[in-house]
2 protein chains.
Amino acid sequence: MDVHVRDLRYFVAVAEELSFTRAASRLFIAQPSLSKQIRQLETLLRVTLFDRDHRSVALTAAGAALLPQARLIIQQWEAAQCEISHVVTAGRMTVTVGFHTRIGRGLTAGVTARMATLLPGWKLLFRQVSWSDPTVGLASGDVDVAIAWLPMPDNREFSWRVVATEERWVALPVGHRLAAQEVVPLDELADEPFIALPRTAGQLREFWLGNDQRPAPARVVAEAETAEESLEAVGSGLGLVLLSSGNAEIYQRDDIVCRPVAGLTPSELAVVWRARDERPALRVVIDACARCLCDQPGAMTPAG
Amino acid sequence: MDVHVRDLRYFVAVAEELSFTRAASRLFIAQPSLSKQIRQLETLLRVTLFDRDHRSVALTAAGAALLPQARLIIQQWEAAQCEISHVVTAGRMTVTVGFHTRIGRGLTAGVTARMATLLPGWKLLFRQVSWSDPTVGLASGDVDVAIAWLPMPDNREFSWRVVATEERWVALPVGHRLAAQEVVPLDELADEPFIALPRTAGQLREFWLGNDQRPAPARVVAEAETAEESLEAVGSGLGLVLLSSGNAEIYQRDDIVCRPVAGLTPSELAVVWRARDERPALRVVIDACARCLCDQPGAMTPAG
DNA sequence: GACATCCATAGTCGCAGGCTATAGCCGCAT
DNA sequence: ATGCGGCTATAGCCTGCGACTATGGATGTC
């Protein structure tokens, strides 16, 4: 007589999209699977949740009643996971910092030093997280503080401080026709093949394809889970990728050339944490990260 | 990355019992299944929830953190189910009254009449619920008001009013040696075979075996889901059952004789509802039920 | 009228989640 | 000391869930 929280998540997705097809693609499952699961949920509750015909899907009264409750349960479950990892890290006196791409910029040494004086006995752990998790491990509780490129998924769960603003550059295989130019105009990239972040990365994927500024979406020829993977693909001539000017420096390779792209807004690097996570140890780490990385300091609250 | 609410229920059971074996039997599953599920939950959360050795089971810090959260989620899920059935019954303008055994006592007519004047347009639905659900359908939301014999499961979820107090009698097959006596002393039933309610009925099962007053538990030879089933079993000579004096009258059969039992406290019939269910329509029905049934009125709040 | 879109159905496959039987550890009683 | 009882863990088995692909049928659009 009990649900799987996953099924509630499915339900919420359908309720939000009011389309099985769209919801399924958002959830990265096939549409028939989703239909089946929703039907099963309806059987469990002995209630019709959606009025569906061939053209439209609408919430019933029962569905409307379930929706806020389902959201609450999902949120409660995520809170429980965080609570547990808090307890665990508190027991270990450890703060975990997550990142998608190498950070460099002297962060590790700087934060470690600051921690040694302000939080004696505590340890710092750095963990690389796949791009397929756009929250850099914050949502699952694996990570307490993330160094992440904006945009973040824009619900109210996260707070951040922008700590650096860097141009978006493009990485090209050596010998690429565009490598001859000092600066590459965005138009020139229109027909080039690109390596993308995984679909689950959401907005971040679009941003690092430059789709926020292009007239037409980039042509995607492959997906990569990490910076290392994507640069490997660039090196082998599979396609191009965008990256921040700072990362262009950090990830220097013999088989790759990086060039500024004219016509793209810069990228913002931020220190991100869970808005409701108010542990003092965390504040120390956030502050230390910001001090180490800041060249253009500025505080932000969750995006709108 | 999501849980099944069932697994949280399993976790809570183990945390409360601090024993896999006892928790498993409380959950009506095999112990290895439970061990496996808990281990799987631990894998999902990447945390040890219990410190177990061959003699003892104890919550870890992480487990202690999860426990209240898990209870909350389970409770929220149950609330969601109730919410839905409220919406559905409100849409239908229907109140469902659940019962384990025939009620008789003029309830149906009385309540229907009262409803017609106080809640025009509303309908009353009576539904028999199997003994295997000791909450008479209240927990699942199938039922809004229950006419039930005490004791109810003693959490704080339910409120009730006792509406009748009746002696406990015993039902014997005609020709049984004890049928000759006008009153049967409890001692005489010590070695008799008994038909029991299902194990899931909990305390109610014990009560209707008379185990609350016996020096040694009754000998159970069979289980029955409903009164009809159990009296069928008595009629065929399989064993005996206890029943209230009122039900002895309602369920008269040619092949059965009912006799008062000396040495048993009386049984209490109550009108029960979900403590947090404050719909006005419900109050009308509760009140109508109480008025129809009451011979010894008295109000109670949840048991302690 | 052909096509695109969208939900439902059918059939397939792997694993989850239940079961029984049994092993292994420990404490207690004989 | 030895054996028994109580507990959890492991192994092996079976069923059904929850994914997938392919396809069907209804309904607007060009």
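Given the structure is predicted, the values throughout are model-derived calculations rather than measurements. Just so it is clear, the values below take in all heavy atoms, side chains as well, and ignore hydrogens, waters and symmetry mates.
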Q: For DNA chain C, whose closest nucleotide is more 5', that of A:Arg39 or that of B:Pro32?
A: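 Looking at the nearest nucleotide for each, A:Arg39 comes out on the 5' side.
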Q: Over how many whole Å does the gap from B:Leu34 atom CG to D:dC7 atom P extend?
A: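 From B:Leu34 CG to D:dC7 P: 14 Å.
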Q: Look at all strands and tell whether A:Thr21 reaches a base, only sugar-phosphate, or nothing, counting heavy atoms closer than 4.0 Å.
A: sugar-phosphate
Q: For a quick check under 3.5 Å, do B:Ser35 and B:Gln31 share a side-chain donor-acceptor pair by atom type?
A: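 On atom types as modelled, these side chains qualify, holding a pair under 3.5 Å.
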Q: Restricting to nitrogen or oxygen on both sides, can you table the protein-nucleotides 14-18 of chain D pairs closer than 3.5 Å?
A:
| from | atom 1 | to | atom 2 | distance (Å) |
| --- | --- | --- | --- | --- |
| D:dG18 | OP1 | A:Arg6 | NH2 | 3.4 |
| D:dG18 | OP2 | A:Gln40 | OE1 | 2.7 |
| D:dG18 | OP2 | A:Gln40 | NE2 | 2.5 |
| D:dG18 | N7 | A:Lys36 | NZ | 3.1 |

Q: Quick check on A:Met93: does its CE atom have over 12 non-hydrogen neighbours (other residues, nucleotides or ligands) under 6.0 Å away?
A: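 Atom CE in A:Met93 is packed in, count exceeds 12.
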Q: Identify the two heavy atoms, one from A:Val97 and one from A:Val143, that lie closest to each other, and give their separation to 0.1 Å.
A: C-CG1, 4.4 Å
Q: Pick base, sugar-phosphate or nothing for A:Ser19, based on heavy-atom distances below 4.0 Å to the nucleic acid.
A: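 If one applies the 4.0 Å heavy-atom cut-off, A:Ser19 turns out to touch the sugar-phosphate alone, with no base involved.
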Q: Check each of A:His86, A:Glu78, A:Glu157 against A:Arg274 using the side chain to side chain donor-acceptor pair (under 3.5 Å) test, and report the only one that passes.
A: A:His86
Q: At the 4.0 Å heavy-atom cut-off to chain A, mark where contacts on DNA chain C begin and end, going 5' to 3'.
A: C:dT5 to C:dT9
Q: Test your reading of the model: is there a side-chain donor-acceptor pair from A:His100 to the backbone of A:Gln128, 3.5 Å cut-off?
A: no
Q: Report yes if some heavy atom in the side chain of B:Phe207 is under 4.5 Å from a heavy atom in the side chain of B:Leu264; otherwise report no.
A: no
Q: Please check if any side-chain donor atom of B:Gln76 sits under 3.5 Å from a side-chain acceptor atom of A:Gln69, or the reverse.
A: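 Distance-only check fails for B:Gln76 and A:Gln69.
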Q: Please verify the inter-ring angle class for B:Trp149 with B:Trp208; under 30° counts as parallel, over 60° as perpendicular, anything in between as tilted.
A: perpendicular
